[in-house]
Amino acid sequence: MGEKLQKPVPYLVNLKDLLLELGESEVRKILLRFDCVFNGDVNYFLHEKAIEFTKRGFSTTYLVFLPFRGEPELVGYFAIATKSIDFYKLSGFNSKYKNKITTYATYDRRLKKHTLPVYLIGQLGKNYSAVDEVLSLFSGEQLLRLACDRVKFIQSLSSGRFVYLECEDTPALLKFYESNGFRVFDRRLLDKDENKHFKNPYLVQLIRYL
């Protein structure tokens, strides 16, 4: 029997490093190859905000490439930022998860709230403009795992134990994130400038202990 062919391994490129290496004009051409047909907000961020946010230090964007026929193919991206979440009640969590949150959160007795530092996966999306053969080699689960692994690495260099994200209130999305270890705990009303990208006036908030 012949040797089993190995699938190509995806790799990350920090947008900041790419800007330093290629310059903004060339990087914008690469970003315009991306199209997540199911999420306009994911497209809008990468095309219009990612470079600005990188320059201003608001978030770090990672492009995911997959080697294909000797060339790097853009298959997805995610963006990570720091954030703090306020919990005024923990009734939605079981006792084990409550203990984890209270261990790493600070408590304000006057306001009766726990404040938990988290790493936010602010954007996450696959590039559906890639050819079908490439898309078949890279899944949404792989993309989310890469994002969580990057958060773990950042935590190992600094601090923190939790990762946080938001998504639209659709059964498929919620099932996807919950099957990958995230827990729904609340909703956040959208800001006015966000409404054009979403069907509902809110996003579901999810958290995961890493």
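The shown structure was predicted, so the numbers you read here are calculated from the model rather than taken from an experiment.
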Trainee: Tell me if a side-chain donor or acceptor on E26 pairs with a main-chain N or O of G23 at a distance below 3.5 Å.
Mentor: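 A pair under 3.5 Å: no.
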Trainee: Decide yes or no for I85 and D186: does some side-chain heavy atom of the first lie under 4.5 Å from some side-chain heavy atom of the second?
Mentor: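 Heavy-atom side-chain distance check fails, nothing below 4.5 Å.
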Trainee: Can you list, pair by pair, the side-chain donor-acceptor contacts under 3.5 Å of residues 47-55, counting residues two or more places apart and other chains?
Mentor:
| residue | atom | partner | partner atom | Å |
| --- | --- | --- | --- | --- |
| H47 | ND1 | N43 | O | 3.3 |
| H47 | NE2 | L31 | O | 3.1 |
| H47 | NE2 | F34 | O | 3.0 |
| E52 | OE2 | R56 | NH1 | 3.1 |
| T54 | OG1 | A50 | O | 2.8 |
| K55 | NZ | E24 | OE1 | 2.5 |

Trainee: Can you give me the closest heavy-atom contact between L66 and V9, atom names plus distance?
Mentor: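 Shortest heavy-atom separation between L66 and V9 comes out as CD1-C, 3.9 Å.
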Trainee: Which atom names give the shortest non-hydrogen contact between A81 and F58, and what distance separates them?
Mentor: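 For A81 versus F58, the nearest heavy atoms are CB-O, 3.5 Å.
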Trainee: Which atom names give the shortest non-hydrogen contact between K199 and E168, and what distance separates them?
Mentor: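 In terms of heavy atoms, the two residues are closest at N-OE1, 3.3 Å.
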Trainee: Tell me whether the guanidinium CZ or amine NZ of R183 lies under 6.0 angstrom from the six-membered ring centre of Y97 and within 45° of its axis.
Mentor: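 The answer is yes, since R183 meets both limits relative to Y97.
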Trainee: Would a hydrophobic clustering, with Ile, Leu, Val, Met, Phe, Trp and Tyr connected at side-chain separations under 4.5 Å, put F176 with L143?
Mentor: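 F176 and L143: one cluster.
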Trainee: Closest heavy-atom contact between F78 and L146?
Mentor: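 Between these two residues, the closest heavy atoms are CZ-O, 3.9 Å.
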Trainee: Consider only side-chain heavy atoms of I, L, V, M, F, W and Y, link residues closer than 4.5 Å, and tell whether Y62 and F65 are in one cluster.
Mentor: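 No, because Y62 and F65 fall into different hydrophobic clusters, even though each may have its own neighbours under 4.5 Å.
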Trainee: State, to 0.1 Å, how close L116 and I101 come at their nearest heavy-atom pair, and which atoms those are.
Mentor: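 Distance-wise, the nearest heavy atoms are CD1-O, 4.0 Å.
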Trainee: Exactly one of L19, L63, T60, L20 should register a side-chain contact (heavy atoms from CB on, under 4.5 Å) with N14. Which one does?
Mentor: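 Single pass found, and it is T60.
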Trainee: Is any side-chain heavy atom of P117 closer than 4.5 Å to one of T82?
Mentor: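 In short, these two side chains do not touch, never coming nearer than 4.5 Å.
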Trainee: For the pair E133 and R69, find out whether any cationic side-chain nitrogen is under 4.0 Å from an anionic carboxylate oxygen.
Mentor: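 Looking at E133 and R69, the cut-off is met.
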Trainee: Within a radius of less than 6.0 Å around NZ of K16, do more than 12 heavy atoms belonging to other residues, nucleotides or ligands occur?
Mentor: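 Not more than 12 within 6.0 Å, no.
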Trainee: Looking at Y202, is its backbone amide N or carbonyl O close enough to the side chain of N200 to form a donor-acceptor pair, meaning the two atoms are under 3.5 Å apart?
Mentor: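 No; judged by distance alone, with no hydrogens or angles, the pair does not exist.
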Trainee: Taking F138's backbone N and O only, do any of them form a donor-acceptor pair with K126's side chain (distance below 3.5 Å, no angle check)?
Mentor: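 Between the backbone of F138 and the side chain of K126 there is a qualifying donor-acceptor contact (under 3.5 Å).
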Trainee: Going by the angle between their ring planes, with limits at 30° and 60°, are Y177 and F182 parallel, tilted or perpendicular?
Mentor: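 If you compare the ring of Y177 with that of F182, the planes turn out perpendicular.
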Trainee: Return the minimal non-hydrogen interatomic distance between L206 and V204, and the atom names on each side.
Mentor: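 Smallest interatomic distance, heavy atoms only, reads CD1-O, 3.6 Å.
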Trainee: Just verifying a value: how many Å separate D41 CG and L190 CG, rounded to the nearest 0.5 Å?
Mentor: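 Output value for this atom pair is 9.0 Å.
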Trainee: Between L210 and L12, is there a shared hydrophobic cluster once you connect ILVMFWY residues whose side-chain heavy atoms come closer than 4.5 Å?
Mentor: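 In one cluster: yes.
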Trainee: Hey, could you give me the CG/CD distance between L165 and Q205, rounded to the nearest 0.5 Å?
Mentor: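 Rounded to the nearest 0.5 Å, the CG-CD separation comes to 10.0 Å.
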Trainee: Between Y164 and F185, what is the ring plane arrangement, given parallel below 30°, perpendicular above 60°, and tilted in between?
Mentor: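 Rings of Y164 and F185: tilted, as their planes differ by 30° to 60°.
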Trainee: Please report the interatomic distance CZ(F45) to OG1(T61), rounded to the nearest 0.5 Å.
Mentor: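 Between F45 CZ and T61 OG1, I get 4.0 Å after rounding to 0.5 Å.
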Trainee: Are Y77 and I30 grouped together when hydrophobic residues (ILVMFWY) are joined by side-chain heavy atoms under 4.5 angstrom apart?
Mentor: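 Yes; tracing contacts between hydrophobic side chains, which count when under 4.5 Å, links both residues.
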Trainee: Cluster question for you: counting only ILVMFWY and a side-chain heavy-atom cut-off of under 4.5 Å, with indirect links fine, are L124 and V163 together?
Mentor: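 L124 clusters together with V163.
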Trainee: Can any side-chain N or O of N127 pair as donor or acceptor with the backbone N or O of G76 at less than 3.5 Å?
Mentor: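 Between the backbone of G76 and the side chain of N127 there is no qualifying donor-acceptor contact (under 3.5 Å).
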